[in-house]
Visitor: 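Pasting a structure here, questions to come.
Letters A, B, ... mirror the listed sequences (proteins, then strands); counts begin at 1. For the numbers below, each heavy atom of this structure counts, side chains included, while hydrogens, waters and symmetry mates do not.
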Amino acid sequence: METTDFLTQLNLSQRQAVQHFCGPMLVVAGAGSGKTRALTYRVAHLIRHHRVHPENILAVTFTNKAAREMKDRIGKLFAQEQAEAKYGKPFLALTAQEQTRLRSQVYKNITRHLWMGTFHNLCARILRFDINKYQDEKKRRWDKNFSIFDESDAQSLIKKIVTKELNLDDKKFDPRSVRYAIGNAKNQGMSPLEYQRAEPDYRGRVIAEVYGIYQDNLAANNALDFDDLIRIPVELFQQNEQILGYWHQHFNHILVDEYQDTNRTQYNLIRFLATNGEDPKYFNNWENRSVFVVGDVDQSIYSFRMADYTILLDFQNDFGDGLPDGDTRTMIKLEENYRSRENILEVANKLIENNTQRIDKILKPTRGLGEEIYCYEAENELEEAEFVCSKIAEITDLNPELDWGSFAILYRTNYQSRPLEEKLIHYDIKYVIIGGLRFYERKEIKDALAYLRVISNPADTVSLLRIFNTPRRGIGKTTIETLLNASSQMGIPLWEILNDQTSINALAGRSSKAVNQFARIIQHWQDEVENLTALEILEGILEDSGYIEDLKKQGTEDADNRMANLGELCSAVAQFQEDNEETTLESFLANASLASDLDNLQEGQQAVSLMTLHSAKGLEFPVVFMVGLEQGLLPHFRSIDDPLSLEEERRLCYVGITRAQEQLFLSYATERRQIWGVRDTTVPSDFLGELPADLVNTNAMKKVVYRSTGQSKKTQNTGVKKAVSHQIKNWQVGDKVMHENFGVGLVTNIFGEGKKISLGIKFGKSQKIIDPKIASMTKLN
DNA sequence: GAGACCGTTATTTTT
DNA sequence: TAACGGTCTC
């Protein structure tokens, strides 16, 4: 339990960080160096020692989970302190009732007032106050009930614009890359018009046009996407000195965690708030004011989301005194690692040394040497999964104190979870998947939220269309088209038409009864929005809309599953209401769109955690398995040719390694199911070669029990497979191939043997002779 | 208006 | 391989 005089529990650098009061400060914090602790204690120290009001502290975390945990820890610190002040004994010695009383008091007086959350969360909060004062270059406006569109909402909206509204070829203007370009523009603070000026060629003009229509659509739906949540406050601050002044005054102390993963817009937001819009170089009014950022360039893994670690590298020149490491008063390095065993750290240190883009820093061990690090070569991804499972079983047998919650399996891409799941089930090991198909992206959850959104924000036509005929209530394409047509010609949201019975009767023809009934249900719950809690509305609308009944009627396993998920959603709403002492629909919705799957990761759940390396950032586990260490997977093939992207892949690997406290297992498969169910041979990751050979045991691991899955695979050359298997395939007449230029073909002849083999292949009508070592061609099964 | 069927196409990472 | 979207039929 953490005691009140927390300063004594810190090392010198940590203490310096915690005691920092005013002015800028950069904390360079390596993995496992106790930076969360430093952040937590500093917030507590500001409140307790410097008498800063919690309301005046803005703390940005990378996930909601991190924010919740930090609030929780701060709450505990104060509860402890007050237990001693009031009752003269430690918190845990109080009765349960006294404990609850104290904790809710601390919540009411302190933690509740902190502005602590992700950029998106905090900005959404700011916008609920001020978005009605914003209008963009085309006079588009929003009001405080705005919906937040997630990535898939945004994507399908853009697809609709590209294919339906502009009649463009979605091969040439792939909605995903268009979305990416728009996101890019937004994160550089560019409006559609500015983008058009910056990219005047044909493609740029088209994208600018899509961007403009996209913003029209968002505004018409009273909706924002993730990027807008941050971009709009920044623009608002630029436009309006008074609003900026207000928030600048409000947030005296700004803390940012994971600063290496902020992007330009987020940086601008911080800069505006900290210096009231002035150039940080010349800003010197730091009285009662600070910017305190914590980060680690070696763990910057979000450049695909426009994160830019040079923002961290520039901090010293930007806000700081710019002095060299020895003399500076605006930078502290935390290098002692309290998490991992020495050999794990050494492997991590050696790996990351290969990167050029860094601040010089090593992880210093404090915990002594640990178990040997193993690297296992599997034949394929199923056997790799087999290895992981049998190791978990073996380790839990030998160490009764470890439960399944002590293990994590980390991979590069979500689809790698499948074979692992299969084997975990086979071994009867309990597991949780973090990420993948996220809870809030499931169909039934999105449907339920769409109902809630329409109730809260009737202008949200995207959500309205989602549920209009879900469950089936006999409203078809023609009816919807007629109604939509009317709404666009009159320039009003679809709901305005549905809200009026006469309009429905005039337009909907045969379906008017069904449409009217639907409209009445929505109206009913809209009327109750002020009187009822979010939970009551959710349960009511699920029943009223016939959604639950429809699922019950189906009676399939899938439908049962969906019902269970809806039940879980109800519990989530209940939980939210309890945690936040806030029961309005509006506040729940604001939160739900931004919730991530990581939020569901509960400690002490006694299940093995499966997640991507990205999701694993900030977490730690006694035993870590990193699977799929192959060229093309880690590093991912899309990053392999670009040196800077390759460095990011290396950081990703580094993040994975540094999650392990006691023991680390690495593995790769020599043959892997790739795309379209086609098997292919693989090459071990280059990163493995960068690890110190004397610390990683690559032998000794083959004797894992292999539980046969049915087909016995006979490979002739197991011993040398690693070196040559990606070059030599055993070709036979009748093999099918996929050729990059000629498509699918059938092997009809084989000429020569061994390395000098050539193949006669029939592609449709034409016959060709091809050297398989040179051709870009893969063998199909 | 609903459901079946077939062909196409996609896998990086996430707030 | 699997999931999705478009088309066709009743």
Side-chain angles (χ1 to χ4, degrees), chain A residues 60-67 117-124 148-152 154-156 159-160 163 170-171 174-176 179-180 183 186-187 224-230 258 261-263 265-266 300-307 410-419 434-438 440-441 443 468-481 508-511 514 591-599 611-618 628 632-640 645 648-649 651-653 655-656 672-679 780-781:
Chain A
V60 188
T61 58
F62 200 69
T63 62
N64 294 306
K65 179 169 177 271
T118 61
F119 272 108
H120 296 86
N121 221 308
L122 296 164
C123 285
I148 299 169
F149 280 2
D150 65 24
E151 246 350 274
S152 73
Q155 194 93 223
S156 43
K159 187 170 181 188
K160 194 193 87 190
T163 57
D170 66 349
K171 295 265 175 353
D174 166 35
R176 257 185 35 184
R179 165 76 189 111
Y180 188 75
K186 285 188 173 185
N187 282 317
L224 302 176
D225 64 18
F226 285 149
D227 304 321
D228 284 336
L229 285 177
I230 298 158
E258 308 284 8
D261 279 322
T262 52
N263 65 36
T265 325
Q266 292 164 345
S300 162
I301 53 175
Y302 279 93
S303 71
F304 67 92
R305 217 169 78 185
M306 307 302 139
L410 309 180
Y411 37 76
R412 175 69 237 265
T413 62
N414 279 307
Y415 71 83
Q416 289 174 264
S417 68
R418 281 182 184 212
I434 312 297
L437 215 210
R438 277 166 208 78
Y440 284 95
E441 279 169 21
K443 183 189 176 309
F468 203 4
N469 195 35
T470 310
R472 300 258 138 80
R473 46 173 75 86
I475 302 169
K477 227 178 15 193
T478 358
T479 310
I480 294 174
E481 217 122 274
R510 269 183 303 151
S511 331
N591 193 270
S593 324
L594 298 172
S596 75
D597 221 44
L598 205 55
D599 302 343
M611 69 188 93
T612 62
L613 291 162
H614 283 91
S615 301
K617 186 163 90 160
L633 213 43
L634 184 70
H636 195 269
F637 68 91
R638 307 188 88 117
S639 311
I640 233 157
S645 309
E648 179 145 324
E649 297 287 310
R651 290 194 290 268
L652 210 40
C653 188
V655 167
R672 178 171 293 283
R673 188 181 295 279
Q674 222 106 42
I675 35 176
W676 312 326
V678 176
R679 291 208 159 275
L780 303 176
N781 276 357

Visitor: Let me know the distance between CG of A/L634 and C1' of B/dT13, rounded to the nearest Å.
Guide: 11 Å
Visitor: B/dT13 and C/dC4: how far apart are their P atoms, nearest whole angstrom?
Guide: 16 Å
Visitor: From CD of A/E441 over to P of B/dT14, roughly how many Å is that when rounded to an integer?
Guide: 10 Å
Visitor: Go nucleotide by nucleotide along DNA chain B from the 5' end; which of A/T478 and A/D174 gets its closest nucleotide reached first?
Guide: A/T478
Visitor: Taking only side-chain nitrogens and oxygens of A/T63, does any of them come within less than 4.0 Å of OP1 or OP2 of B/dT15?
Guide: no
Visitor: Whole angstroms only, please: what is the NE2-P distance between A/H636 and B/dA10?
Guide: 15 Å
Visitor: Rounded to whole angstroms, how far apart are CD on A/Q155 and C1' on C/dC4?
Guide: 14 Å
Visitor: Whole angstrom is fine here: how far is it from NZ in A/K65 over to C1' in B/dT14?
Guide: 16 Å
Visitor: Is A/R176 touching bases, backbone alone, or none of the nucleic acid, heavy atoms closer than 4.0 Å?
Guide: sugar-phosphate
Visitor: Rounded off to whole Å, could you give me the CZ-to-C1' distance for the A/F119 and B/dT15 pair?
Guide: 11 Å
Visitor: For A/R418 and B/dT12, what is the distance between atoms CZ and P respectively, to the nearest whole Å?
Guide: 15 Å
Visitor: Spell out, as yes or no, whether a donor-acceptor pair under 3.5 Å connects the side chain of A/S511 to the backbone of A/A514.
Guide: no
Visitor: Between A/R510 and A/E649, which is nearer to the 5' end of DNA chain B once each is assigned its nearest nucleotide?
Guide: A/R510
Visitor: Keeping A/R179 on the side-chain end and A/S156 on the backbone end, is there a donor-acceptor pair under 3.5 Å?
Guide: no
Visitor: Does A/F62 lie flat on the base of B/dT15, that is, centres under 5.5 Å apart and planes under 30° off?
Guide: no
Visitor: Quick one, A/I301 and A/L613 - any side-chain contact, counting heavy atoms below 4.5 Å?
Guide: no
Visitor: Might you list the N or O atoms of the protein lying below 3.5 Å from N or O atoms in nucleotides 2-7 of chain B, with each pair's distance?
Guide:
| residue | atom | partner | partner atom | Å |
| --- | --- | --- | --- | --- |
| B/dA2 | OP1 | A/G474 | N | 3.4 |
| B/dA2 | OP2 | A/N469 | ND2 | 3.4 |
| B/dG3 | OP2 | A/R472 | NH1 | 2.6 |

Visitor: Report yes if a side-chain nitrogen or oxygen of A/S511 is closer than 4.0 Å to either non-bridging phosphate oxygen (OP1 or OP2) of B/dG1; otherwise report no.
Guide: yes
Visitor: Which is true for A/N121 with a 4.0 Å heavy-atom rule: it touches a base, it touches only sugar-phosphate, or it touches nothing?
Guide: nothing
Visitor: Would you confirm whether A/N64, through its side chain, and A/L594, through its main-chain N or O, come within 3.5 Å as a donor-acceptor pair?
Guide: yes
Visitor: Can you measure from OG1 (A/T118) to CD (A/E258) and round to the nearest 0.5 angstrom?
Guide: 12.5 Å
Visitor: Using modelled atom types and a 3.5 Å cut-off, is there a donor and acceptor pairing between side-chain atoms of A/R412 and backbone atoms of A/L634?
Guide: no
Visitor: Tell me the interatomic distance from A/H120, atom NE2, to B/dT14, atom P, rounded to whole angstroms.
Guide: 14 Å
Visitor: Is it the case that B/dT12 (base atoms only) and A/R638 (side chain only) share a donor and an acceptor within less than 3.5 Å, ignoring hydrogens and angles?
Guide: no
Visitor: For B/dT14 and A/T612 - does any side-chain N or O of the residue sit under 4.0 Å from the phosphate oxygens OP1/OP2?
Guide: yes
Visitor: Describe the nucleic acid contact of A/E151 in one word from base, sugar-phosphate, nothing, applying a heavy-atom distance below 4.0 Å.
Guide: base
Visitor: Using modelled atom types and a 3.5 Å cut-off, is there a donor and acceptor pairing between side-chain atoms of A/E648 and backbone atoms of A/S303?
Guide: yes
Visitor: Side chain of A/K159 only, please: which of B/dT12, C/dG5, B/dG1 is the nearest?
Guide: C/dG5
Visitor: Would you indicate what A/F637 reaches in the nucleic acid, counting non-hydrogen atoms under 4.0 angstrom: base, sugar-phosphate, or nothing?
Guide: nothing
Visitor: Do side-chain atoms of A/N469 reach the backbone of A/I475 as a donor and acceptor pair under 3.5 angstrom?
Guide: yes
